[in-house]
Amino acid sequence: MTLLNSTNLKQFEGGAIVKQGDSASLFGYELLDENMHPISDLNGKNATIRIFNQKGKATFESTVESSKVTFKIGKAIPIGSYLVEVVCDGYIFLTEHYRRIL
């Protein structure tokens with residue numbers, strides 16, 4: 001049985017507002033436990049990153065390095081506000097704030 005832990009994400013790279021079609025900007029999030037400490041046990045593991053809202057979602061893959069994941073939005077997605085979620089090794093990390101695509 002895999003335990004799922006809802007934890008925290010802290011953005012360290014990229015902005016809260018992104019222009020439509022921006023495929024060059026790098027986005028990075030630190031994976032934190034419930035006490036806001038980095039989770040180093042995930043280093044080297046694959047992570048799935050989802051950005052989503054009511055209109056749709058986009059999914060990306062990354063490898064955890066130094067308790068962090070990075071990704072670029074390589075395709076145009078609909079204009080709107082999105083939440084960011086990272087799933088790795090039974091952990092679920094979710095942003096508290098929306099990121100806006102213009």
Side-chain angles (χ1 to χ4, degrees):
M1 178 175 148
T2 302
L3 295 176
L4 295 178
N5 295 308
S6 183
T7 52
N8 299 289
L9 283 176
K10 178 182 176 186
Q11 188 173 11
F12 68 89
E13 181 78 33
I17 299 176
V18 182
K19 289 188 177 182
Q20 175 75 3
D22 178 354
S23 61
S25 293
L26 183 67
F27 297 90
Y29 289 87
E30 188 171 22
L31 310 179
L32 305 171
D33 66 18
E34 60 277 358
N35 297 314
M36 302 303 285
H37 297 113
I39 301 178
S40 60
D41 294 353
L42 300 177
N43 291 337
K45 298 192 180 204
N46 292 327
T48 300
I49 301 144
R50 288 189 331 134
I51 58 174
F52 62 94
N53 66 12
Q54 303 87 344
K55 296 179 185 177
K57 69 177 180 177
T59 303
F60 310 94
E61 299 295 322
S62 182
T63 300
V64 179
E65 297 178 14
S66 300
S67 304
K68 299 174 182 176
V69 294
T70 58
F71 67 98
K72 291 182 181 182
I73 302 173
K75 62 181 180 179
I77 59 175
I79 293 171
S81 296
Y82 290 81
L83 286 173
V84 178
E85 176 185 79
V86 177
V87 178
C88 182
D89 199 39
Y91 289 91
I92 299 172
F93 303 86
L94 185 63
T95 55
E96 295 177 4
H97 306 287
Y98 283 92
R99 301 299 176 248
R100 181 96 178 125
I101 307 291
L102 301 176

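The shown structure was predicted, so the numbers you read here are calculated from the model rather than taken from an experiment. FYI, the numbering just counts along the sequence from 1.
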- Message: Could you go through C88 and V64, starting from their C-alpha distance and side-chain angles, then the distance that decides it, and tell me whether this counts as side-chain contact (heavy atoms from CB on, under 4.5 Å)?
- Response: CA-CA 9 Å; C88 182; V64 179; 3.9 Å; yes
- Item | Donor on one side chain, acceptor on other, E34 and T7, under 3.5 Å |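 There is no such pair between these side chains.
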- Query: For residues 65-76, which residue pairs qualify under salt bridge (charged side-chain N to carboxylate O under 4.0 Å, His left out), counting only residues two or more places apart or in two chains?
  - Reply: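 Counting only pairs at least two positions apart or across chains, no salt bridge (charged side-chain N to carboxylate O under 4.0 Å, His left out) contact touches residues 65-76.
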- Message: Going by salt bridge (charged side-chain N to carboxylate O under 4.0 Å, His left out), name the pairs with one or both residues in residues 37-46, residues two or more places apart or in two chains.
- Response: K45-D89
Any chance you could measure [X], atom [atom1], to [Y], atom [atom2], to the nearest 0.5 Å?
X: F27; Y: I49; atom1: CZ; atom2: CD1; answer: 11.5 Å
X: E30; Y: E13; atom1: CD; atom2: CD; answer: 13.0 Å
X: S66; Y: L31; atom1: OG; atom2: CG; answer: 11.0 Å
X: F60; Y: I73; atom1: CZ; atom2: CD1; answer: 5.0 Å

- Note on the structure: By side-chain contact (heavy atoms from CB on, under 4.5 Å), S40 pairs with (sequence neighbours left out) N43, S67
- Message: With side-chain contact (heavy atoms from CB on, under 4.5 Å) as the test, pick out the partner of V84 among L94, V69, L9.
- Response: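 Result for side-chain contact (heavy atoms from CB on, under 4.5 Å) with V84: L9.
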- Message: Using the rule side-chain contact (heavy atoms from CB on, under 4.5 Å), only one of N8, L32, I39, V87 pairs with F93; which is it?
- Response: I39
- Message: For T70, is there any backbone N or O sitting under 3.5 Å from a side-chain donor or acceptor partner on S62?
- Response: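 Yes, S62 side chain to T70 backbone: donor-acceptor pair under 3.5 Å.
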- Item | N/O donor-acceptor pair under 3.5 Å between D33 side chain and N35 backbone |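 Indeed, once roles are kept as given, a pair shorter than 3.5 Å links the two residues.
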- Do Y82 and I77 come within less than 4.5 Å of each other through their side chains, counting heavy atoms only?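 Yes; the side chains approach each other to less than 4.5 Å.
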- Message: If you apply the rule side chain to side chain donor-acceptor pair (under 3.5 Å), what do you find for E61 with T48, and how did you get there?
- Response: CA-CA 5 Å; E61 299 295 322; T48 300; 3.3 Å; yes
